[in-house]
Amino acid sequence: QNKSRASVARDINVESKVSANLASGDAVAINTVGQTTGKLTPTPTPTIDEQGYYMLGEVNGNNWDPKNPVWMNKVSDGVYQLKVTTEKDKNYFKFYEGSKFESNNWDVINTGVMGCEKDGSEDASGIIYYTGDSWGTPQSMVIVGTGTWIVTLDMNNLSYSVGKPILYMAGDANGWNHSDVLNSDDGVKFTGYMYLNQNGFKFSTQPNWDGTNYGADFDTAPDAGNIVITEEAGFYQVDVDLSAKTYTLTPFTIGIIGNATPKGWDGDTNMTYNPEERCWELKDVTLTDGEMKFRHTNDWSLSWGGELDNLTTQNGPNIAVAAGTYDIKLVVNWAEGTAKCEMTKK
């Protein structure tokens, strides 16, 4: 299933089944099954509107007011975003073409309406439906819950997404790859967990350099210098306040704890972060028969347990351990909220 309606050729696999009965009428059949790969090119998506796009609905206090549209910001060719606030348990909205806006005239406004297939969809991402019909089939999407969100409209692929505000960190420590993230509930204060060194980095609103990029002193000019920490290279909890233009670094560790570990349930056996492999390691640790979990900096506010190849964050089951000497590797994907572990018994 494609999550895009971009007008590009795609492979399509077709399975065919053929059966043939004998002419004599005997109850004998020959069945064959085959598969053919062909090309399918979806119909072209609408031309990108030079006047941009806006939203109407239960976002930013609009409440479907056709006189005061909520305009989106262009972040790259064909891609538009908006930070929105919601106040209800379920907040309905649709997108609209800017060139079709005529204040308080729904018959004109709705010729540019873009929505989803199923009314009240809470999927937070999907394909946009567009008909150019004043009272056509596009239905309303829903943002679930109160708070601040980033809504993205991608007219290149005729798709949309709704997510919490994110800042990305790109720097020497991660190869300038925008692979470390900081999350937020309000779009102002962000928190993330990452390895930093003293060779510079920047914060970005996009997973590339197309958005707003914050350099030294949170300068957003294209030629702004990099942020350079005076602290030693290491793994940190990073807290950013865009309003105050400040960031705070708090040393961060992960350790193992449990009756199978050297300190039992009374304390952590700390792991070491490996920046090259982007994982936490513990080598030649002696464990006994019992159970263990992972947690951060001697605190249960972040913990991991359950199945090694798909660890559960917070309140996961204890991990059963057989006595022996182990090398342990823990990989935490902060962007996706997943973690997995390798335990190699020697």
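Along the sequence shown, residues carry numbers from 1.
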N/O donor to acceptor pairs below 3.5 angstrom from side-chain atoms of residues 339-346, sequence neighbours left out:
unit_1, atom_1, unit_2, atom_2, d
K345, NZ, A323, O, 3.0
K346, NZ, D284, OD1, 2.5
K346, NZ, D327, OD1, 3.3
K346, NZ, D327, OD2, 3.2

Got a list of side-chain donor-acceptor pairs under 3.5 Å for residues 214-231, not counting sequence neighbours?
unit_1, atom_1, unit_2, atom_2, d
D219, OD1, A221, N, 2.9

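I257 is not listed as a side-chain neighbour of M292, based on a closest heavy-atom distance of 4.5 Å or more. Under the 4.5 Å side-chain criterion, counting only non-hydrogen atoms from C-beta, I128 is not in contact with M155.
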*Assess whether side-chain contact (heavy atoms from CB on, under 4.5 Å) is satisfied between L153 and M55, documenting all intermediate values.*
CA-CA 10 Å; L153 173 64; M55 297 169 63; over 6 Å; no

*Let me see the working for E58 and T86 under side-chain contact (heavy atoms from CB on, under 4.5 Å), right down to the final yes or no.*
CA-CA 7 Å; E58 293 157 334; T86 54; over 6 Å; no

*Tell me, with the steps shown, if K329 and E281 meet side-chain contact (heavy atoms from CB on, under 4.5 Å).*
CA-CA 5 Å; K329 286 186 177 182; E281 295 180 329; 3.5 Å; yes

*Output, in order, the C-alpha distance, side-chain angles, deciding distance and verdict of side-chain contact (heavy atoms from CB on, under 4.5 Å) for V59 and L82.*
CA-CA 10 Å; V59 295; L82 185 68; 5.7 Å; no

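In this structure, the side-chain contact (heavy atoms from CB on, under 4.5 Å) partners of Q51, at least two apart in sequence or on a different chain, are D49, S99. Residues meeting the side-chain hydrogen bond (donor to acceptor under 3.5 Å, both in side chains) test with N63, sequence neighbours left out: none. Take K118 and apply the salt bridge (Lys or Arg N to Asp or Glu O under 4.0 Å) test, not counting sequence neighbours, and it matches no residue. Applying the salt bridge (Lys or Arg N to Asp or Glu O under 4.0 Å) test to K74 and every residue at least two apart in sequence or in another chain returns D77. Applying the side-chain hydrogen bond (donor to acceptor under 3.5 Å, both in side chains) rule to D186 yields the partners S184; only residues at least two apart in sequence or on another chain are considered. A search for salt bridge (Lys or Arg N to Asp or Glu O under 4.0 Å) contacts involving K293 returns nothing, not counting sequence neighbours.
Among residue pairs with one or both ends in residues 241-267, none qualify as side chain to side chain donor-acceptor pair (under 3.5 Å); sequence neighbours excluded. Within the structure, no pair that satisfies the ring-ring contact (aromatic ring centres under 6.0 Å, His included) test touches residues 150-176, not counting sequence neighbours. Counting only residues at least two apart or on different chains, the ring-ring contact (aromatic ring centres under 6.0 Å, His included) pairs with a member in residues 51-79 are Y53-Y80, Y54-W71, Y54-Y96, Y54-F101. Residue pairs meeting the side chain to side chain donor-acceptor pair (under 3.5 Å) criterion with at least one partner in residues 202-213, sequence neighbours excluded, are Q81-Q206, H178-S204, S204-N213.
The backbone N or O of A322 lies less than 3.5 Å from no partner atom in the side chain of D289, so there is not a single donor-acceptor pair. Of the possible polar contacts, none joining the N60 side chain to the N62 backbone as a donor-acceptor pair under 3.5 Å is found.
Annotation for K100: atom NZ counts as buried by contact number, over 12 foreign heavy atoms lying within 6.0 Å. Summarising the local packing, CD of E50 is surrounded by 12 or fewer heavy atoms from other residues, nucleotides or ligands at distances under 6.0 Å. N104 CG: more than 12 foreign heavy atoms inside a 6.0 Å radius. Enclosure of atom CD in E307 is not indicated, since only 12 or fewer non-hydrogen atoms of other residues, nucleotides or ligands lie within 6.0 angstrom.
When each of F235, F252, Y236, Y193 is tested with Y273 by the rule ring-ring contact (aromatic ring centres under 6.0 Å, His included), just one qualifies, namely F235.
To the nearest 0.5 Å, atom CG of residue N183 and atom CD1 of residue I166 are 5.5 Å apart. Note: E102 CD to T111 OG1 = 9.5 Å, rounded to the nearest 0.5 Å. Expressed to the nearest 0.5 Å, how far CH2 of W149 lies from CD1 of I143 amounts to 7.0 Å.
Summarising the geometry of D65 relative to L56, their closest heavy-atom pair is O-CD2, 3.5 Å, with the distance given to 0.1 Å.
No close placement of the W280 and F294 rings is indicated, their centers lying 6.0 Å or farther apart.
Between the side chains of T297 and D299, not a single donor N or O lies within less than 3.5 Å of an accepting N or O.
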